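Scroll down for the structure; my scribbles are underneath it.
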Amino acid sequence: MDNQDVKILVLDDDIAVQESLEAFLEDENFDVFKAGSAEEALELLKDTAIDIAIVDIRLPGKNGDEFISEMLDRGTDTKFIIYTGSVGYSHPKSICSSCNVYKKVFIKPQINLNVFIEVIQQIMSME
């Protein structure tokens with residue numbers, strides 16, 4: 001699969017994080033969408049199928065775990081990467097057993113954004 005065929009959602013309420021990940025991923029030829037809240041992302045996902053979502057945990061309204069759980073309940077094929085500033089974060093039982101959730105959590109700030117490319121390539125090679 002070519003990078004331009006991969007649709008990635010960046011779900012983060014920090015505009016700087018959204019824009020830096022968007023610019024980086026677009027430079028790698030990915031098709032990138034952004035949302036600042038779970039509710040905004042859920043609205044976007046009504047019309048757009050996303051391959052991978054990079055999800056912050058602390059969000060206004062529904063948190064990232066609630067967003068992922070709702071998507072999993074819908075039977076989504078979307079794969080999830082957690083990118084959070086919560087150093088002690090661990091997956092709740094409701095989502096940790098899902099094969100859709102990448103088991104490694106990335107802690108902000110991530111200096112080397114190439115780790116996202118490596119993970120995205122791993123995820124896409126499994127499909």
Side-chain angles (χ1 to χ4, degrees):
M1 180 176 276
D2 194 7
N3 286 0
Q4 63 192 7
D5 296 329
V6 179
K7 293 182 177 166
I8 299 177
L9 169 66
V10 176
L11 173 52
D12 200 300
D13 59 329
D14 185 328
I15 299 297
V17 170
Q18 283 183 24
E19 290 177 353
S20 65
L21 278 173
E22 177 186 38
F24 176 75
L25 293 168
E26 284 181 345
D27 284 349
E28 296 293 324
N29 295 319
F30 291 104
D31 192 5
V32 182
F33 300 83
K34 301 180 299 187
S37 69
E39 292 80 6
E40 182 182 347
L42 291 167
E43 188 65 31
L44 170 80
L45 294 172
K46 287 181 180 178
D47 300 321
T48 306
I50 298 294
D51 298 299
I52 297 172
I54 300 172
V55 180
D56 184 17
I57 295 304
R58 292 184 180 172
L59 296 167
K62 291 182 183 184
N63 67 36
D65 288 333
E66 293 168 327
F67 167 75
I68 292 170
S69 290
E70 185 167 332
M71 292 298 296
L72 293 173
D73 288 346
R74 293 180 180 187
T76 187
D77 290 331
T78 302
K79 306 296 186 230
F80 300 95
I81 300 169
I82 306 298
Y83 187 40
T84 183
S86 301
V87 176
Y89 174 81
S90 62
H91 300 295
K93 289 181 181 179
S94 61
I95 66 171
C96 81
S97 61
S98 173
C99 61
N100 289 46
V101 180
Y102 187 72
K103 301 308 178 214
K104 182 174 180 356
V105 173
F106 293 100
I107 303 297
K108 294 177 187 174
Q110 188 66 47
I111 304 303
N112 180 4
L113 295 180
N114 285 317
V115 296
F116 288 105
I117 301 302
E118 294 168 14
V119 170
I120 291 166
Q121 288 173 342
Q122 286 175 8
I123 290 169
M124 299 315 295
S125 70
M126 289 187 237
E127 297 197 341

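On a predicted model such as this, the values are computed, not experimentally measured, just so you know.
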Residues 16-26 side chain polar contacts: donor-acceptor under 3.5 Å, at least two apart:
from  : atom 1 : to    : atom 2 : distance (Å)
Gln18 : NE2    : Asp12 : O      : 2.5
Gln18 : NE2    : Ala35 : O      : 3.2
Ser20 : OG     : Ala16 : O      : 3.1
Ser20 : OG     : Val17 : O      : 3.2
Glu22 : OE1    : Lys34 : NZ     : 3.2

Could you list the donor-acceptor pairs under 3.5 angstrom formed by side chains in residues 110-117, with sequence neighbours left out?
from   : atom 1 : to     : atom 2 : distance (Å)
Asn112 : OD1    : Asn114 : N      : 3.0
Asn112 : OD1    : Asn114 : ND2    : 3.3

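The closest side-chain heavy-atom distance from Ile52 to Ile123 is below 4.5 Å. Ile57 places a side-chain heavy atom less than 4.5 Å from the side chain of Ile82. Two residues are said to be in side-chain contact when any heavy atoms from C-beta on lie closer than 4.5 Å; Asp56 and Tyr83 fail this criterion. Within the 4.5 Å cutoff, side-chain heavy atoms of Phe33 are placed close to those of Ile50.
In this structure, CZ in Phe30 is found 8.5 Å from CE in Met124, a value given to the nearest 0.5 Å. For the atom pair CZ (Arg58) and NZ (Lys108), the distance works out to 10.0 Å, reported to the nearest 0.5 Å. Atom-to-atom distance recorded for Ile54:CD1 and Ile81:CD1 is 5.0 Å, nearest 0.5 angstrom. From Leu9, atom CG reaches atom CG of Asp31 across 11.0 Å, with rounding to the nearest 0.5 Å. Between the NZ atom in Lys79 and the CD1 atom in Ile8 there is a gap of 13.5 Å [rounded to 0.5 Å].
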Go through it in stages, so that I can follow the logic: the residues are Glu70 and Thr76, the test is side chain to side chain contact (heavy atoms under 4.5 Å, CB included), and I'd like the CA-CA distance, side-chain angles, deciding distance and then a yes or no.
CA-CA 9 Å; Glu70 185 167 332; Thr76 187; over 6 Å; no
Dump the intermediate steps for salt bridge (Lys or Arg N to Asp or Glu O under 4.0 Å) on Lys62 and Glu39, then the final yes or no.
CA-CA 7 Å; Lys62 291 182 183 184; Glu39 292 80 6; 5.5 Å; no
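The two residues Asn3 and Glu28 have their closest heavy-atom pair at ND2-O, 2.8 Å. Here the shortest heavy-atom pairing between Leu11 and Ser37 reads CD1-O, 3.2 Å. Closest non-hydrogen pair, Met71 versus Thr78, comes out as CE-OG1, 4.4 Å. Listed here is the closest heavy atom pair of Val105 and Thr84: CG1-CG2, 3.7 Å.
Looking only at distances, no side-chain donor or acceptor of Thr48 sits under 3.5 Å from a matching main-chain atom of Leu45. Side chain of Asn63 to main chain of Glu66: a donor-acceptor pair is present (N/O by atom type, distance under 3.5 Å, no hydrogens or angles).
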